[in-house]
There are 4 protein chains.
Amino acid sequence: MTTPLQRQRRKDARPQELLDAALTLFVEKGFAATKAEEVATLAGVSKGTLYLYFPSKEELLKAVIRHTLSADIAQGRERLLAHQGSATEALLDLLPEWWETVYDSPNSGMFKLVITEVRNFPEIAEFYAREVVEPGMEVIGQLLQRGVAQGEFRADLDVMAAVHSVVLPMIMLCLHKHSLGPCSCIVSILPEPRQLIRSHMALLLQGLQTPAVPKTRKTR
Amino acid sequence: MTTPLQRQRRKDARPQELLDAALTLFVEKGFAATKAEEVATLAGVSKGTLYLYFPSKEELLKAVIRHTLSADIAQGRERLLAHQGSATEALLDLLPEWWETVYDSPNSGMFKLVITEVRNFPEIAEFYAREVVEPGMEVIGQLLQRGVAQGEFRADLDVMAAVHSVVLPMIMLCLHKHSLGPCSCIVSILPEPRQLIRSHMALLLQGLQTPAVPKTRKTR
Amino acid sequence: MTTPLQRQRRKDARPQELLDAALTLFVEKGFAATKAEEVATLAGVSKGTLYLYFPSKEELLKAVIRHTLSADIAQGRERLLAHQGSATEALLDLLPEWWETVYDSPNSGMFKLVITEVRNFPEIAEFYAREVVEPGMEVIGQLLQRGVAQGEFRADLDVMAAVHSVVLPMIMLCLHKHSLGPCSCIVSILPEPRQLIRSHMALLLQGLQTPAVPKTRKTR
Amino acid sequence: MTTPLQRQRRKDARPQELLDAALTLFVEKGFAATKAEEVATLAGVSKGTLYLYFPSKEELLKAVIRHTLSADIAQGRERLLAHQGSATEALLDLLPEWWETVYDSPNSGMFKLVITEVRNFPEIAEFYAREVVEPGMEVIGQLLQRGVAQGEFRADLDVMAAVHSVVLPMIMLCLHKHSLGPCSCIVSILPEPRQLIRSHMALLLQGLQTPAVPKTRKTR
DNA sequence: AATGAATGAGCTTTCATTCAT
DNA sequence: TATGAATGAAAGCTCATTCAT
């Protein structure tokens, strides 16, 4: 049948395949509404096999969260921290680019999963805070801070609050992707998410108000 | 033959009591993870009584959504539409005020509920689109449009996109209230939501960038 | 509202109305599949009222059986016993007539009810044996016996067995009335029951076989 | 990957075991009064296993009926149709023999089950008509017809009606077997069913009436 | 007497988990 | 290792029965 090597390789891949399947289904339907067998089937194995790799459905959930959260954040973080150009540029280009890779990956579902399940599994909260919220806020915070330091951004900026102004819509769009997104009746109402984030960043930078027009003017 | 008054009064109140209990629990734990009996108990009745008023747990969910969504949106809408002052003022005061009443009420949980359950109950999507998304976007859209028309907001504003910049953080904070909010380990990281929304509005108005400083003046 | 007299009259009628409703529904759907409330509704009263007259659903069943069985058998019995004509005549006319009144009345359902429920309520058996089987067999047995005694029927008749030949089809048609009878797809196959019983009696009397035709005679 | 043999064998046998158990209990207690778990237990499995093979209790009932009805009728039919001897002989020997095998098998319970449940599950009627009533009546009808054609039976015979005279007592005894039969208090009253059917056939053939006795003869 | 809201034991059904193969 | 038949605890739902009015 299969050579020992193939078997070995499949065996090694199993846990990840199961985690992927679990992430997909937990995000789509929620933890409680997902059957263990569905996860197994989506991963191409049988019910019993799932339990060879994870002792229970709940442990599977935790593994999914641990695994997915740890993986993905760090990667873009480096680039943002390393970035040497203007903060404006980082906000308009680098950050949306990074976000797009998150948005496009299945990991975007983690936001929905966390929001959905923290109340039932409070351990998730701590993990999420440590792995996502803190590092995420820190890196954006530093970016904004640098903008202030470099004179690009207004000196009186409330950096903490601004971080949320930057970040919350990005998360919200990830949530939509896995909730209302797939519902045809809503799709038509919402703009394309990539475009939306770029617009949002631009707007954040320049503000809604009609720009002050120096020299000759009667600005409000 | 004549129904006693006290009984009648209790009977009349039951559906609402059950809906309230269901909203609370469905939001907290999700639909699938909430047991019918828990809802009944929280409403102060027994399992069987729940089924006197709603034919199934699923119908209860739909009733919760129908009931809660329909109720709450309209109220602030009127005030926003009626508002005659400057758009800036509406954005800085009226809108945050309105949002605060939503945020404080249990109805704020609807956002979590919808996000969590649309994939499992697609009928929700249509209802949410019709009752919340469309009217909500329309009223904010008109507000921004008026700002543009009155020369308060920049003429080249992408109104559609700006609506999302305004709205998404407000929704996101409602989600937090019912997900990470109650987790002590996170609370410390996040600013007070009311303050956050007001900061967000201010930032959206003025932008991050250091105001262009023309030669002669002392701009704001 | 209602005068005391009317009330009194209704009150007196209640038990019978409930028994009638119960008979109808127990026969149609079986005891276990009939809900107490259905009986009450059909009798035009509310659930609670049923329990004012009968202490439990099971007691209601027993009352139905006691009441219905006792009532109906005796009546025709008298006439058969009193009959002074030929046994042949009794078999061809009197018996079918009697049976027709049973078949037409709701009491015909008792046969189905007994057959359906004896296994679950063995007390029924004794009652049925005493009230229906024994007197019924006795009266038909006497009829046949008289036929033999009077030289109408063959002398070597096994009366016990013949009673069953006479009676079983009559009961069977009562069963059909309440089971397959109402199913349109079967109706077409079955002959009209009254006609059938009369044919059956005639056949029983004369037999299937071509009468032996000895040379000289004009038999029958 | 390969299913072990012993397991496979058990799995193959399960549905039949469950159907057998269900037939027994549904006949004895009726569908509504039989608990799913009782069926499982009688079949030697647990509650859950039942639902591995049948999606619901109601589907189990339908399967029982489909399965049992289809199976059993045909078998004797062939022999009756193939029979080349006299119709009289067929009626006295072949038919009672066939009936006895039905009577002795658990399938005899089907008559009770059909009578008991058609009103609640009208689909049963059509199936019963097609699988039992029609073929059964046809084969007996042909038998009688042949008797007429061969000069054994009276030429003016109403064949349709006669079929019922033949058949109804046979069915009725099957019903008794599963209703009053097991009640000791009745048993004493009723003759042995096999004997009864043979007596019935003999009586049907020859009739109750004293044979006409012409003057000179050796009439049988 | 009559009502019908309320109850909770009990039944149907599901599904996480086990384990013989 | 992998399977999937089997289990039984637990969830959804029903309905006989009670009881305040």
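On a predicted model such as this, the values are computed, not experimentally measured, just so you know. Order of the sequence lines sets the chain letters (A, B, ...), proteins ahead of strands, with each chain counted from 1.
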Rounded to whole Å, please give me the gap between [atom1] in [X] and [atom2] in [N].
X: B:Arg10; N: E:dA6; atom1: CZ; atom2: C1'; value: 9 Å
X: C:Glu59; N: F:dA16; atom1: CD; atom2: P; value: 15 Å
X: C:Glu38; N: F:dC15; atom1: CD; atom2: P; value: 8 Å
X: B:Phe31; N: F:dG12; atom1: CZ; atom2: C1'; value: 10 Å
X: D:Glu37; N: F:dA6; atom1: CD; atom2: P; value: 16 Å
X: A:Leu50; N: E:dT17; atom1: CG; atom2: P; value: 9 Å
X: D:Leu61; N: E:dT13; atom1: CG; atom2: C1'; value: 17 Å
X: C:Phe54; N: F:dA16; atom1: CZ; atom2: P; value: 16 Å

Any B:Thr49 side-chain nitrogen or oxygen under 4.0 Å from OP1 or OP2 of E:dT7: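 For E:dT7, OP1 or OP2 has a side-chain N or O of B:Thr49 closer than 4.0 Å.
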Under the 3.5 Å Watson-Crick or G-U criterion, the dot-bracket string of DNA chain E, with | for inter-strand pairs: .||||||||||||||||||||
Intermediate values then yes/no, side chain to side chain contact (heavy atoms under 4.5 Å, CB included), D:Val64 and D:Asp20: CA-CA 8 Å; D:Val64 164; D:Asp20 291 346; over 6 Å; no
Check the surroundings of atom CD in D:Gln16: do more than 12 heavy atoms from other residues, nucleotides or ligands lie under 6.0 Å from it? yes
Around atom CD of B:Glu123, are there more than 12 heavy atoms of other residues, nucleotides or ligands at under 6.0 Å?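 Counting neighbours around CD of B:Glu123, more than 12 heavy atoms of other residues, nucleotides or ligands fall under 6.0 Å, so yes.
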Start at the 5' end of DNA chain F and walk down; is the nucleotide closest to C:Tyr51 or to B:Glu58 reached first?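 Going by which nucleotide is closer to the 5' end, it is B:Glu58.
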Residue met sooner reading DNA chain F from 5', once B:Leu52 and D:Gly44 are mapped to nucleotides: D:Gly44
For the backbone of [Y] and the side chain of [X], can you confirm whether one donor and one acceptor N or O come within less than 3.5 Å of each other?
X: B:Glu38; Y: B:Lys35; value: yes
X: B:Glu17; Y: B:Gly44; value: no
X: A:Lys112; Y: A:Val27; value: yes
X: C:Asn107; Y: C:Thr68; value: no

What residue pairs, at least two apart or across chains, pass ring-ring contact (aromatic ring centres under 6.0 Å, His included) with a residue in residues 41-66 of chain B?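 Listed once each, the pairs would be none.
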Select base, sugar-phosphate, or nothing to describe what [X] touches, counting heavy atoms under 4.0 Å on all strands.
X: A:Thr41; result: nothing
X: B:Tyr53; result: sugar-phosphate
X: D:Lys47; result: base

Choosing from F:dG4, E:dA9, F:dT17, which nucleotide comes nearest the side chain of A:Ser46? F:dG4
Let's see if you can work this out: which of E:dA9, E:dT13, F:dG12 has an atom nearest to the side-chain heavy atoms of B:Lys57?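 Of all the options, the side chain of B:Lys57 is nearest to F:dG12.
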Would you check, one step at a time, whether the test side chain to side chain contact (heavy atoms under 4.5 Å, CB included) holds for B:Leu180 with A:Val114? CA-CA 8 Å; B:Leu180 293 155; A:Val114 169; 4.2 Å; yes
Report the residue (D:Ser56 or A:Ala36) whose heavy-atom-nearest nucleotide on DNA chain E is the more 5′ of the two. D:Ser56
Both B:Arg14 and D:Ala32 contact DNA chain E. Taking the nearest nucleotide for each, which residue is further toward the 5' end?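 Comparing both residues, the 5'-ward one is B:Arg14.
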Note: contacts of residues 19-30 of chain C with DNA chain E (heavy atom, under 4.0 Å) are none
Donor-acceptor pair under 3.5 Å: do we get one between C:Lys35's side chain and the base of F:dT14? no
I'd like to know whether B:Phe26 forms a side chain to side chain contact (heavy atoms under 4.5 Å, CB included) with B:Leu60, so could you lay out the CA-CA distance, the side-chain angles of the two residues, the decisive distance to 0.1 Å, and finally the verdict. CA-CA 10 Å; B:Phe26 289 166; B:Leu60 176 61; 4.0 Å; yes
